[in-house]
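Data first, discussion second: the structure below is written as structure tokens.
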Amino acid sequence: MLKLKNIVVGLALSCAAISFSVQAKVTVFAAASMTNALQEVATEYKKVKPTEDVVFSFASSSVLARQITEGAPADMFISADQKWMDFLAEKNAIVPETRVDLVGNKLVMIAPKDSKTDKVDLTNDKWQTALNNTYLSVGDPEHVPAGIYAKTAFTYLKQWDALENKLARAKNVRDALRLVEQGESPLGVVYATDAAISEKVKVVATFPAESHPPVEYPMALIKEHDNQDTRAFLDYLKSDTAKAVFKKFGFSTK
């Protein structure tokens with residue numbers, strides 16, 4: 001009888017241990033341009049929160065925002081611009097008080113590493129001769145934040161009308177980067193951080209800051225997903241440790 005009691009107690013303790021070791025999971029929908037930085041931040045987070053798993057879905061901010069409104073299981077959203085966070089706010093899909101600008105970026109023009117083009121003067125349209133009957137690689141200006149910034153910048157520079165039909169419209173900024181890496185486009189527009197992670201491209205121009213709105217990445221928790229685990233990762237993203245990772249990848253922080 002005593003032996004049976006010991007077995008029952010042992011099983012109860014084992015079950016308790018299992019229940020306490022259950023992994024918590026935070027699902028983050030984030031702009032494609034943050035892929036490398038966020039993956040490293042999650043690795044660092046795991047060191048201090050070993051029972052916390054962070055999983056990501058990376059894509060264009062527009063695609064992710066629409067998926068969230070359709071019920072995709074996101075706990076947190078990190079957008080590459082304010083527009084798509086505003087979109088979710090208007091749909092009452094985020095927790096307003098958790099919204100904060102996480103990092104900043106710059107918009108640049110790139111060329112393949114072995115290109116003869118080393119510098120582009122964006123103040124006039126002479127650089128367009130380098131396209132040579134090909135296409136400028138850019139995130140689709142209809143919905144991809146990097147493309148929207150690019151359209152605004154080229155409009156400010158009075159070059160959009162001439163460029164509109166010369167675009168290779170990618171579904172996200174990383175695809176725009178790949179087109180230049182693979183030599184399918186002689187020039188492309190991406191973020192400075194995308195250019196920095198690639199050994200196959202070089203920056204040939206940085207867009208004037210006044211030519212487009214600041215490149216900002218707002219983040220917020222999704223409504224009905226505000227809990228201890230999601231709050232913990234949200235706070236960690238604002239920590240000095242996370243900021244150091246973001247700076248390493250070329251993002252600006254406050």
Side-chain angles (χ1 to χ4, degrees), residues 28-43 55-67 77-81 83-84 103-120 122 127-154 159-160 163-207 212 215-217 245-246 248-251:
V28 182
F29 278 29
S33 52
M34 294 209 72
T35 301
N36 304 73
L38 283 176
Q39 286 175 336
E40 184 161 322
V41 168
T43 298
V55 296
F56 297 101
S57 178
F58 294 108
S60 170
S61 301
S62 59
V63 170
L64 297 173
R66 290 189 178 109
Q67 288 178 348
F77 178 50
I78 305 176
S79 174
D81 68 357
K83 172 184 176 179
W84 291 106
V103 294
N105 212 334
K106 292 181 180 180
L107 195 69
V108 300
M109 182 173 285
I110 58 171
K113 200 79 167 181
D114 58 0
S115 171
K116 294 180 180 179
T117 302
D118 290 317
K119 188 175 181 180
V120 166
L122 291 172
W127 66 269
Q128 293 183 33
T129 58
L131 292 178
N132 196 23
N133 296 319
T134 58
Y135 295 90
L136 176 70
S137 177
V138 63
D140 190 336
E142 295 301 316
H143 64 91
V144 178
I148 295 171
Y149 287 122
K151 178 179 179 178
T152 302
F154 284 125
Q159 298 173 33
W160 176 250
L163 279 173
E164 190 172 3
N165 295 320
K166 299 179 182 178
L167 305 178
R169 299 169 182 248
K171 64 182 180 181
N172 60 60
V173 71
R174 286 298 172 89
D175 282 354
L177 172 67
R178 276 188 281 273
L179 287 175
V180 180
E181 286 181 324
Q182 295 165 4
E184 295 182 36
S185 291
L187 294 169
V189 179
V190 299
Y191 299 121
T193 53
D194 298 302
I197 64 160
S198 176
E199 297 179 353
K200 298 179 180 180
V201 303
K202 58 186 175 183
V203 174
V204 295
T206 299
F207 284 81
H212 59 84
V215 181
E216 298 171 330
Y217 290 70
V245 175
F246 292 136
K248 169 186 169 181
F249 282 93
F251 292 97

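This one's a predicted model, so the numbers in the text were calculated from it and none came from an experiment.
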Output all residues satisfying side chain to side chain contact (heavy atoms under 4.5 Å, CB included) with [X], sequence neighbours left out; order by chain, then residue number.
{"X": "Lys119", "value": "none"}
{"X": "Glu199", "value": "none"}
{"X": "Ala31", "value": "Ser33, Ser61, Ala80, Tyr217"}
{"X": "Ala30", "value": "Val28, Leu38, Phe58, Ile78"}

query = Going by the side-chain hydrogen bond (donor to acceptor under 3.5 Å, both in side chains) test, which pairs reach into residues 180-191, not counting sequence neighbours?
reply = Glu181-Ser198

message = Could you check whether atom OH of Tyr135 has more than 12 heavy atoms from other residues, nucleotides or ligands sitting under 6.0 Å from it?
response = no

request  = Please check if atom NZ in Lys83 has more than 12 non-hydrogen atoms from other residues, nucleotides or ligands closer than 6.0 Å.
outcome  =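 Yes, enclosed.
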
key: Candidate pair Asp194 and Val201, rule side chain to side chain contact (heavy atoms under 4.5 Å, CB included), full reasoning   = CA-CA 10 Å; Asp194 298 302; Val201 303; over 6 Å; no

ask   = Can you tell me if Asp81 and Ser79 form a side-chain donor-acceptor pair at under 3.5 Å?
value =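 Their side chains do contain a donor-acceptor pair, which is all the 3.5 Å distance test asks for.
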
key: Pairs satisfying salt bridge (Lys or Arg N to Asp or Glu O under 4.0 Å), at least one member in residues 129-152, at least two apart   =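 Salt bridge (Lys or Arg N to Asp or Glu O under 4.0 Å) check on residues 129-152 returns Asp140-Arg169.
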
task = May I have the step-by-step check of side chain to side chain contact (heavy atoms under 4.5 Å, CB included) for Met109 and Trp127, ending in yes or no?
result = CA-CA 11 Å; Met109 182 173 285; Trp127 66 269; 3.8 Å; yes

task = Would you confirm whether Trp84, through its side chain, and Val63, through its main-chain N or O, come within 3.5 Å as a donor-acceptor pair?
result = no

message = Taking Thr117's backbone N and O only, do any of them form a donor-acceptor pair with Lys202's side chain (distance below 3.5 Å, no angle check)?
response =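 Such a contact is found between Lys202 side chain and Thr117 backbone.
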
ask   = Of the non-hydrogen atoms in Val189 and Ala176, which two are nearest, and what is the gap between them?
value = O-CB, 4.4 Å

